[in-house]
Amino acid sequence: MGEVRRMGMERPPARFVLMITAVFVVACTAYVAWSQHGYESSVEDKALAEARTLNTEIMAAWDYVSASQNAINYNSDGKYDFKGIYCAAAGKSIASRFTTESEGYVIRYVRENPRITSGIPDEFEQAALDRFELERVSEHYAVAEYEGRRVFRYASVLVMERNCLGCHGSPVGEKDEMGFLKEGMELGDIGGAASIVIPLEQYEEQARASMRGGIAFFSILLLVVLASVNFGYHRWVSAPIRQANEVLRKENEAKSDFLALMSHELRTPLASIMAFSDILSESAELRGEQERKAVREIGENSLVLLNMVNNTIDAAKIEAGRYSVAREEVDVFDVVNEVFDLMEPSATKRGVSLRKSLAADIPILACDYDALRKILVNLVGNAVKYSENGSAVVVRASYSPDAEGRLAVSVSDTGRGIAPEDQKRIFDRFERGSAQATSVSGSGLGLFLVKSICDELGGDVTVESKLGEGSTFTVTLPARSCEDGQ
Ligand code: ADP
C-alpha cells in the first residue's frame with residue numbers, strides 16, 4: 001500500500017523544481033526592477049505634461065483678463081474707472097482657489113522682492129529663478145520633497161510684456177494704480193515664476209497596482225509551470241521508467257530464481273560425486289598411481305564446482321534481498337581450521353602452504369559462522385588460485401573490544417597481485433579484472449559475494465596489493481564477544 005502511494009506521488013527532483021523557481025524569481029525581480037525604472041521616468045513625463053497644461057490654462061485666464069482691461073475699466077460713458085480686476089490678481093486668485101479646492105495641488109506665483117510676502121520663493125523656486133536669469137531657460141522641474149511628501153515640482157518663467165509695464169515699469173518708485181511702487185522693469189525682463197506642485201500619489205498607486213499585477217501574474221505562471229512540469233515528469237518520465245524498471249526487476253527476479261533453482265539442483269548430484277570420490281580415495285592404495293590421481297582430480301574439481309554453485313545461489317539470494325544473517329556463537333579458530341581443511345588439497349596441489357596467525361585473545365563472538373566461512377573460503381581460495389608454486393598464504397585474525405567489538409581477518413599472499421585500476425572493480429559482479437585473459441578459471445562472483453556478505457553483516461572489505469608482489473584482503477566485521485557480555 002505504502003509502495004503504491006509512493007509510486008503514485010513521484011515528483012520531479014527537488015533541484016529541478018528549485019531551478020525553475022529560481023528562474024522565475026530572477027525573472028520576477030528583473031520585471032519589478034525594470035517596471036520601477038520605467039515608472040520613474042514615465043511619472044516625470046506624465047507630471048510634466050499635467051503641470052504644463054495647468055500652467056497654460058491659468059496663463060490663458062491671466063492673458064484674457066489682461067486683454068480685457070479696457071472693457072473692464074472704461075464705463076459705458078467712456079470714463080476710466082479702475083476696478084482692481086487686473087491680470088495678476090485674476091491669475092493669483094484662480095491659482096489660490098485651485099490650491100485650496102484640489103487635493104495636494106499647489107499653484108502660486110513667486111519673484112524676488114515680491115510685493116506681498118506670499119510671493120517669497122522657497123529653495124526650489126529660488127533655484128528656478130536663478131536658472132531663468134542665468135541660463136535663460138523657461139522651465140525648471142524635478143521630483144522633490146514638499147511639506148513631507150514626494151511630489152513633482154514645476155516652475156515656468158514669467159516674462160515682462162507690454163501690458164505688465166503699467167504696474168512694474170518706469171519710473172521707479174512711482175505708485176501704480178494699486179498703490180504699489182513701480183520697479184522700473186523693462187520689456188523682456190524676468191518678472192517671476194509660476195510655481196506648480198503636482199502630487200505623485202495617484203501615479204505611485206498606479207505603479208504599485210501594476211507591480212502587484214505583475215507579481216501575481218508571475219506567481220500564477222510559476223504555479224502553472226510547476227504543475228505542468230510535475231504532470232509531465234510523472235506522465236512522460238517517471239511512469240515509463242518505473243514501468244521499464246518493473247519489467248527489468250521481474251526479468252531479473254526470474255533469472256535469479258532460475259539460477260538459484262538450477263544451482264540447487266546441481267548440488268544433489270555433486271554431493272553424490274564428492275561422496276563417491278571420497279569412498280574411492282579411501283580404497284585408493286589398492287589402485288595404481290594414475291587412478292589415485294584421477295580420483296583426487298574428481299574430488300578437487302567437484303569442490304571447485306560446489307563452491308561456484310554455492311556462490312551462485314548466495315549471489316541470487318543477495319540480489320533478491322533474501323539473504324539472511326544469523327547470530328550465533330562463533331569460534332574464529334574453528335572457522336579458519338575448517339576452511340584450511342577444505343582448501344588444503346588444492347593448496348598442496350599448487351605447492352602453496354597455508355599458514356595462520358590468530359591472536360590468542362579472540363573471544364567467542366556473536367556472529368554468523370556460515371557467512372564467515374564463505375568469506376574465508378573465497379578469499380583463501382583466491383589467494384591459493386592466484387599464487388605461484390612455493391609461496392605461502394597467511395590468514396591473520398585479531399579482535400578489538402572497542403565500543404561494538406570488531407573482528408579483523410586478513411588473507412595475504414605473495415602471488416601475482418592486482419593492478420591499481422582493477423582493485424575497485426574486482427568486487428563487482430562477474431568482474432574478473434586481468435584474470436579474464438588468463439587460463440585461471442573463475443566466475444567473477446567470489447569477491448562480489450565477499451563484499452555483499454560483509455555489507456549484510458555491517459562490515460567492510462578492503463584490498464592492498466602490488467602487481468607481482470602479492471595481495472592482502474582485510475575483512476572487518478562488527479562482532480560482540482559472547483564471553484564477557486559486551
Ligand atoms: P574469480 O572467480 O575470477 O576468482 P573473484 O570475484 O573471486 O572471481 O575475483 C575477482 C578477480 O579479482 C579475479 O578474477 C582476479 O583477477 C582478482 N583476484 C582476486 N583475488 C586475488 C588474489 N588473491 N590475487 C590476485 N588477484 C586476485
Side-chain angles (χ1 to χ4, degrees), residues 256 259 263 266 270 300-319 323 336 339-340 342-357 371-397 408-457 459-476:
S256 297
L259 268 179
S263 306
L266 280 173
L270 204 52
E300 280 166 18
N301 281 307
S302 304
L303 199 66
V304 171
L305 196 54
L306 183 66
N307 195 34
M308 274 190 183
V309 167
N310 284 340
N311 280 353
T312 310
I313 293 173
D314 288 333
K317 274 190 196 163
I318 281 171
E319 282 206 333
Y323 189 89
V336 175
V339 172
F340 272 28
L342 204 67
M343 292 293 149
E344 200 67 66
S346 56
T348 312
K349 186 181 149 200
R350 295 187 63 88
V352 176
S353 59
L354 297 181
R355 295 187 199 150
K356 59 190 169 208
S357 166
L372 193 54
R373 190 183 58 82
K374 279 173 186 165
I375 289 172
L376 283 179
V377 164
N378 278 294
L379 292 182
V380 175
N382 278 348
V384 169
K385 199 160 69 168
Y386 297 109
S387 285
E388 303 300 324
N389 200 329
S391 62
V393 168
V394 186
V395 176
R396 294 184 179 82
V409 184
S410 67
V411 178
S412 305
D413 64 64
T414 51
R416 50 195 281 176
I418 304 161
E421 66 272 18
D422 283 343
Q423 288 178 15
K424 217 175 163 95
R425 59 190 182 115
I426 48 172
F427 293 98
D428 293 344
R429 202 163 48 128
F430 303 127
E431 184 54 65
R432 300 206 61 217
S434 59
Q436 187 74 48
T438 66
S439 59
V440 184
S441 66
S443 61
L445 271 180
L447 289 182
F448 167 71
L449 205 68
V450 168
K451 168 115 182 63
S452 304
I453 295 175
C454 282
D455 289 346
E456 294 286 333
L457 294 172
D460 190 21
V461 56
T462 54
V463 61
E464 276 177 54
S465 184
K466 259 196 178 162
L467 266 182
E469 290 184 19
S471 315
T472 295
F473 286 84
T474 305
V475 168
T476 319

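Start at 1 and go down the list; that is how both ligands and their atoms are numbered.
Annotation: side chain to side chain donor-acceptor pair (under 3.5 Å) contacts of Asp460 (sequence neighbours excluded): none. With sequence neighbours excluded, the residues forming a side chain to side chain donor-acceptor pair (under 3.5 Å) with Asn378 are Asn311, listed by chain and number.
In terms of polar-atom proximity, defined here as any N/O pair under 3.5 Å, Phe448 makes no such contact with ligand 1. At under 3.5 Å, not a single nitrogen or oxygen of Arg416, backbone or side chain, sits near a nitrogen or oxygen of ligand 1. At least one N or O atom of Ser443 sits closer than 3.5 Å to an N or O atom of ligand 1. Taking distance alone, with nitrogen or oxygen atoms compared against 3.5 Å, Gly446 approaches ligand 1 more closely than that limit.
Of the options Leu447, Val395, Val409, a side chain to side chain contact (heavy atoms under 4.5 Å, CB included) to Leu379 is made by Leu447 and by none of the others. Exactly one residue among Val394, Val352, Leu354 makes a side chain to side chain contact (heavy atoms under 4.5 Å, CB included) with Val380. That residue is Leu354.
At least one heavy atom of Phe473 sits less than 4.0 Å from an atom of ligand 1. Judged by the shortest distance from any of its heavy atoms, Gly415 lies outside the 4.0 Å radius around the atoms of ligand 1. Residue-ligand proximity: Met308 is placed with every non-hydrogen atom at 4.0 Å or more from ligand 1. Distances from ligand 1 to the non-hydrogen atoms of Ile418 include at least one value under 4.0 Å.
In this structure, a donor-acceptor pair under 3.5 Å is absent between the side chains of Ser410 and Thr474.
Nearest to atom 17 (C) of ligand 1 among the protein's heavy atoms is Ile426 CG2, 4.0 Å.
Residue Glu388 places its CD atom among 12 or fewer non-hydrogen atoms of other residues, nucleotides or ligands, all under 6.0 Å distant.
Relative to atom 9 (O) of ligand 1, the option among Leu447, Val411, Thr472, Leu445 with the closest non-hydrogen atom is Leu447.
Residue contacts with ligand 1, taken as heavy atom pairs separated by less than 4.0 Å, involve Lys385 solely via side-chain atoms from C-beta onward.
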